[in-house]
Peer 1: 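Here it is, the structure, as structure tokens.
Throughout, a chain's letter reflects where its sequence line sits, starting with A, and its residues are numbered from 1.
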Amino acid sequence: MVPLTWYLVLAAALFAIGMFGVLARKNAVAVLMGVELMLNAVNINLLAFWRYTALGELVGHAFAVFVITVAAAEAAVGVALFIAVYRQRDTVNVEELDAMKG
Amino acid sequence: MHESSIPFIYNLTILVPVLPFLAFALIVLWANRNKKLSAGLAIGSIALSWLIGWAIAFTAFGAHEIAEHPFRMARAWLPASRAWQAFGFMVDPLSALMLLMVPFVCFLIFVYSYGYMGIGKPISAHDQRGWPATPGHVDPLASRFFAYIALFATGMIGLVLADNLIMLLIFWEIMGLCSYLLIGFWFARTYDDPKKITPKEAGLKAFLTTRIGDTLMLAGILLLFAQIGSLSFNDIFRPETLEHLATATTHLPLVGPVPWATLIAILIFCGAIGKSAQFPLHVWLPDAMEGPTPVSALIHAATMVSAGVYLIIRTFPLMAAVEHGPALQFIAFIGAFTALFSATIAVAQNDIKKVLAYSTVSQLGFMFAALGIGAYIAATFHLLTHSFFKALLFLGSGSVIHGMEHGHHEGEQETSRRGDKETRKQGDKEVSGGGHHLSTHHLSTDLPAFDPQDMRNMGGLFRRMPRTAWTFIIGGMALAGFPIVTAGFWSKDEILADAWVHGHTVIFVTLAVAALLTAFYTARQIVMTFFGAPRTPAAEHASEHDSIFTWMTIPLMALSVFAIGFGWVGIPTTFPVLGQWSSNPFHHLMGSLAEALHIEAAELPFAATPLLTSVVVALGGLLLGWLTYRRVAQIGQRIGDPTWSPLQMPDPLARPLGRVYTVLQNKYYFDEFYGRVFIKGVQRLANWLFHFDDAWVIDPIVDGVGRLWRRLSEWGHVFDERIVDGIVNGIGAVTAAVGSALRFIQTGRAQNYLLVGLAAASVLLGVFLVLPK
Amino acid sequence: MEYISNFFVNLGNSWTSLLSSFLPPWAVILINFIIVALLLVLMPVIATMTLTIMERKIIARIQNRIGPNRVGPWGIFQAIPDAIKLLTKEDIVPVNADKPLFNLAPLLIFLGAALLWAVIPFGRGVIGQDLNVGVLYLVAVGSISTIAIVMAGWSSNNKFALIGAFRIVAQLLSYEIPMVLAMASVVALVGTMKMGEIVELQSIPFLLILPVAFITYILAAAAETGRAPFDLVEADSEIVAGYFIEYSGLKFGWFYIAEYGNLLAVSAIAATLFLGGWRGPFADQAPVLGPLYFGIKTILIVFLLMWIRGTWPRFRIDQMLALAWKVLVPLGLFNLLWVATMIKLPLPVWLQWAFILAGNVLALLVTLTLMGQAAKRYAARRGMVGTRA
Amino acid sequence: MEQLFFILLALLTLSAALMVVTTRNLLHAAFWLILVFFGIAGFFILLHAEFLAVVQVLIYIGAISTLIIFAIMLTRRIMDPQQPRFNSQWGLVGGLAALLFVVLAAVTTRVAWPTTSATLPAEPIKQLGADFVGVYAVPFEVASVLLVVAMIGAIIIARERG
């Protein structure tokens, strides 16, 4: 039987990697991929906690399903935004998307 | 009442006010192009309301426990401090009785309006919007009229069903709005006589006058809410609440300690004074006659004015919370005074509707007086009987006026047909100018405009308009209190008996005199209108054969049945001979409510004096009236005499009464008095303030300030350039420097911001770990 | 006799007991897993060997030709020389291709085709793994082939390949929805996603209860496998074979195998979900008959799909998408809702089923009427043949 | 056995995840991402959440990855492999991410997590389905609304105006 902490450490690692992707990649699509990694890390945690501490009720399941839903919505809107931005600015390099620069 | 035992029909209560409202909404939003459809909608909705209303009422009459446990349907909707006001309706014996009367009379009035507005007639090309239509044509705004009266019916029905004061106030104000709109329905109408009030002004006057009462009433309601925290009748009429209100006092300046109940009761009664046109706020009601006749019937019979009486009947436990307190005395005084006072005015009026208007004021005074002396049931009874016969009288007068207008029209055509220039000229002079619809060649010069409402222009209409005449006479008899047969007799008699038995002699005498006068002016009106010879060509040609009169006279007949028969439900069991067949169901029903509300309302023992008094004053007044005006009625039309007009004819009372008659004819100069004192006063104050402002105080100050400021600003200019500019520029420079220094933080790159967020989160997490728990 | 009547299960049992006599339990499980996996992986290969010849014969018949007729009697061994030819062909990789992906794609697509077989019941107890999310698993595995095709289309560095990839994404994603809806109405009806149980509970073939779902599924399956009339993905005349244009030799063979494997798999799924799977006369007494019935039913569906391919012209891309989104999805949604409503009615089961059938037939009629009218309008607008002036 | 499997799967997943964030070729990153998703589906199976494993494959691999690949293809002109992968702050971010991992790992390993003695529900999918229309009905509906809004929004945002 795998201990719960293994899953938690795994999820932490995945989360950190995903965060690195979000913060360090230049391409917006890569940033989106980083976000997906982070969401998946969360899902692992949710299900691990469900499995080890709350087996009776399906809270973890339900929450994970909602996370997946949100991820799907986020990916759809995100990709649409990239395409729109690409059409406008001819780039999806997040460093160049600095219209908010002061 | 147990949940399951509520008859299903009560659940339809909500429909009774909502149906006319739906009709209103539909007409306004959708059907207004089609006059027939609009009228049909209004009549259909009110007919349904009437049927449902009667079903509810008769169910309620059958179930006596409804007095103890009224049917209520309420939904919380308005949060007010800690309590929710309920959007609620209630059926108890009083509401049920009103439901018996209100939707039915409304229905008849709607049907009457169908004829009155000439629905189905062609549209006249000359008719202007906001003028009465040419006879034989449809009113151009008929749809609007039906929308208004439907909303009006909503207001009244909602009012009688309301189960709390907030709801009551809402419907009360809906009616106020509708009365404004309806009185001013012919908003464009003007008269040659500049002194004569126009419909627009009359509507405004009615609205503003009642507003005085409404404001005081609102104050009373708010005080009540502040005291007991609820406005539901159910809560207000709990004995302990009333006890609390009667004992807790407030200190008024000049007056001293006053129980809350008294203060609130008087304030609420002020609302009723305004709405029911009691002295001193009675001035709006006669002028409200400028509205179309069905409106007069709606306002003066079934609805608005009786709303005031209804309000006092409804809140009677509150009024009577202090036994024989000043509130009741005040009500009794106002009521009795108004009854007598306006009866005297009515005697000297020549306008057929004005007589009825003052008569209404007087009869409402009767009811208030009855309430003031504690004759709770008698007042309710009189309210209902009066509604029937006064509606009948108003609608009858409308029919007469229409007949006169038709006759005028006919007469005119006949005159022009004669072709004789000379005669035509005379004819012109005789009849011209009155009709607003008159065309260019009818220009009046030396004679006042023909007024189809003036009783002096009538006479002999009995033969021309028999249906109207018969029903009008029945209504008049009921108003005069013709003994035994009519409804008015029974209700009026009961009030008098109550006053007598309980020893209110002053009230008794006042009301008796008022009743005598009532019979007198009723006789005067009937004689002048229907008997004798026609005094004008219009009266000679008047007829009721047009198709619209079918619509108009059927309601009259229906109402005349009630004007007689409705009295029979309230024949006292102690009455000689007749009493043994009577079970007095009315007293029984209202008695159960009175019992539930702890109002003392035992059936009176029989007393001969008030009975004799009412018989004598009724018959005596009628006889006197007939004797006095018999001769006037005989004066016929003098054809061919261009200088003669029935308006020059002196009233038989004018000489014996002398100056008093003039005073009466001018309504005790109340309008003038108000005009001088209040309106002129306010105008003068405003004028003075204007001058004060313009010439003496404000303008010099303003000018001085202006000069001073100029000087200051010249100096300030220098200051500005040297110092302020320097500061501003300095601040600007500093800001710009700081801004450019800080600019690099704002990279516009989301990832930088996220990094800051991450760093912050990491630091927080670290602190959380390091710090001891 | 007893042994024979339930041959496959008994064979498995004796094999397991044989192994257990000299191996530790985990090794037995491992070996069995490997054997089953091999069998499943073999399925697409078997499918290719048999179905190619069948298809060529049938299409030839439809097109009034003879078809393969040289190798073996009536040419039935034609597949073998074809396979040899493929194996011996030169394996070309385009210069600018994305090599790792280019090499991975054929494996992945084959994997997708093979994995489908894991949950398909061949007979009572003859099933790889009766997952409790069986139906969903089928859909999920189906999405792997999407990825593989995109991978192939992209890595080939060829514009026809890329267009083919683009098309297939649109097509597969669109037709996945009606397919899932059709499957979901079956799942709603039986209340389980286990393939084995769906067959067990199918006392009469669901085709007779859910004809609309069946039709939807067949159309969607044809589209999912990229077969005519939905073969825009490879549309030889337009984009010269689409996403696998650059593949040759054995790698092309993988695509080929995957295509026929998928064809057989979707037919097997249709047979399982709608035709009662391995059920048939005497299948309860002699379970050995199960796989036989299952095979017959599957081949019938395969034939149906080939028939469609042989007789229908190819759709245009907008028509194809319109069919999915404007016809099949609403129809599937309605069907699912109808089934869900009906099974909640307090009625005997047969009556519920009758109602479902009635609703299906009605929906079908309404759809066909509407489509007919739309077609007439379209034809009239274009002034096409067959319209009344 | 199970632990060994876990470690292998974890290694595979994490290395794939690292590839996702470091690969220069975006499309390869996307395919690595798919591998990560498969790995996570494997973990879900280890956790006895078969349903979510399948959903993971269906949604993440079938839909989200496809979308991402689509986005990459549609914006591929700027996919110059010679461009730097990272922005200027990557070193700092890397350090912080590593720090975050250490902190999180330290926290999670130190806590004595409560364990449950309950057994796996017999019909988790049925119960989940019932929960979604029972306990979680409102969140479920909100999620569905969110999906619809996202779909419409995505269409409107990405539509070519012309």
Peer 1: Below 4.5 Å from any heavy atom of chain A, which atoms of D:Leu14 appear? Answer side chain, backbone, both or neither.
Peer 2: both

Peer 1: For this output row, return yes or no: ring centroids of A:Tyr7 and D:Phe6 closer than 6.0 angstrom.
Peer 2: yes

Peer 1: Do the side chains of D:Ile40 and A:Asn43 get nearer than 4.5 Å, heavy atoms only?
Peer 2: no

Peer 1: Tell me, out of D:Ala63, D:Gly153, D:Ala98, D:Ala30, who's got the most heavy-atom pairs with chain A below 4.5 Å.
Peer 2: D:Ala30

Peer 1: Less than 4.5 Å apart, side chain to side chain, heavy atoms only: is that true for A:Glu36 and D:Ile68?
Peer 2: yes

Peer 1: What part of D:Leu67 gets closer than 4.5 Å to chain A, counting heavy atoms only: side chain, backbone, both or neither?
Peer 2: both

Peer 1: Is there a side-chain contact between D:Leu104 and A:Leu8 in this structure, where contact means two heavy atoms from C-beta onward sitting under 4.5 Å apart?
Peer 2: no

Peer 1: Measure D:Leu92 against the heavy atoms of chain A and call it side chain, backbone, both or neither at under 4.5 Å.
Peer 2: neither

Peer 1: Could you tell me which portion of D:Ala49 (side chain, backbone, both or neither) has an atom closer than 4.5 angstrom to a non-hydrogen atom of chain A?
Peer 2: both

Peer 1: Is the number of heavy atoms from other residues, nucleotides or ligands within 6.0 Å of CD (A:Gln88) greater than 12?
Peer 2: no

Peer 1: Give me the atom names and distance for the closest heavy-atom approach of D:Pro114 to A:Thr53.
Peer 2: O-CG2, 2.8 Å

Peer 1: Do A:Phe82 and D:Phe70 make the cut of ring centroids closer than 6.0 angstrom?
Peer 2: no

Peer 1: Under 4.5 Å, counting heavy-atom pairs only, tell me which of D:Val55, D:Leu99, D:Leu46 racks up the most with chain A.
Peer 2: D:Leu46

Peer 1: Side chains of D:Ile64 and A:Glu74, heavy atoms from C-beta outward: is any pair under 4.5 Å?
Peer 2: no

Peer 1: Mind ranking A:Val70, A:Leu47, A:Leu14 by heavy-atom pairs under 4.5 Å with chain D and telling me who comes out on top?
Peer 2: A:Leu47

Peer 1: Considering non-hydrogen atoms only, spot the tightest contact between A:Ile44 and D:Leu47 and give its length.
Peer 2: O-CD1, 4.4 Å

Peer 1: Out of A:Val9, A:Ile83, A:Val85, return the one with the most heavy atom pairs under 4.5 angstrom to chain D.
Peer 2: A:Val9

Peer 1: Using non-hydrogen atoms and a 4.5 Å limit, figure out which bit of D:Ser65 sits close to chain A: side chain, backbone, both or neither.
Peer 2: neither

Peer 1: Chain A: which of D:Thr23, D:Val142, D:Ile156, D:Val149 shares the most heavy-atom pairs with it under 4.5 Å?
Peer 2: D:Thr23

Peer 1: I'd like to check D:Phe140 versus A:Val65 (side-chain heavy atoms, cut-off strictly below 4.5 Å). Are they in contact?
Peer 2: no

Peer 1: Compare all side-chain heavy atoms of A:Leu37 with those of D:Val21 and state whether any distance is below 4.5 angstrom.
Peer 2: yes

Peer 1: With only heavy atoms counted, which part of D:Phe5 is less than 4.5 Å from chain A, the side chain, the backbone, both or neither?
Peer 2: neither

Peer 1: Any side-chain heavy atom of A:Arg25 sitting closer than 4.5 Å to one from D:Trp90?
Peer 2: no

Peer 1: Do A:Phe15 and D:Leu100 come close enough that some side-chain heavy atom pair is under 4.5 Å?
Peer 2: yes

Peer 1: Can you tell which part of D:Val20 gets under 4.5 Å to a heavy atom of chain A, answering side chain, backbone, both or neither?
Peer 2: both

Peer 1: I need the minimum non-hydrogen distance between A:Ala62 and D:Phe132, along with the two atoms involved.
Peer 2: CA-CZ, 4.0 Å

Peer 1: What do the steps show when you test D:Phe43 against A:Leu10 for side chain to side chain contact (heavy atoms under 4.5 Å, CB included), and what is the final call?
Peer 2: CA-CA 10 Å; D:Phe43 287 121; A:Leu10 168 79; 3.3 Å; yes

Peer 1: Given D:Tyr136 and A:Phe63, is the ring pair (Phe, Tyr, Trp, His ring centres under 6.0 Å) satisfied, shown in steps?
Peer 2: CA-CA 10 Å; D:Tyr136 306 115; A:Phe63 231 101; 8.3 Å; no

Peer 1: Between A:Pro3 and D:Gln3, what is the shortest heavy-atom contact and its length?
Peer 2: CD-NE2, 4.3 Å

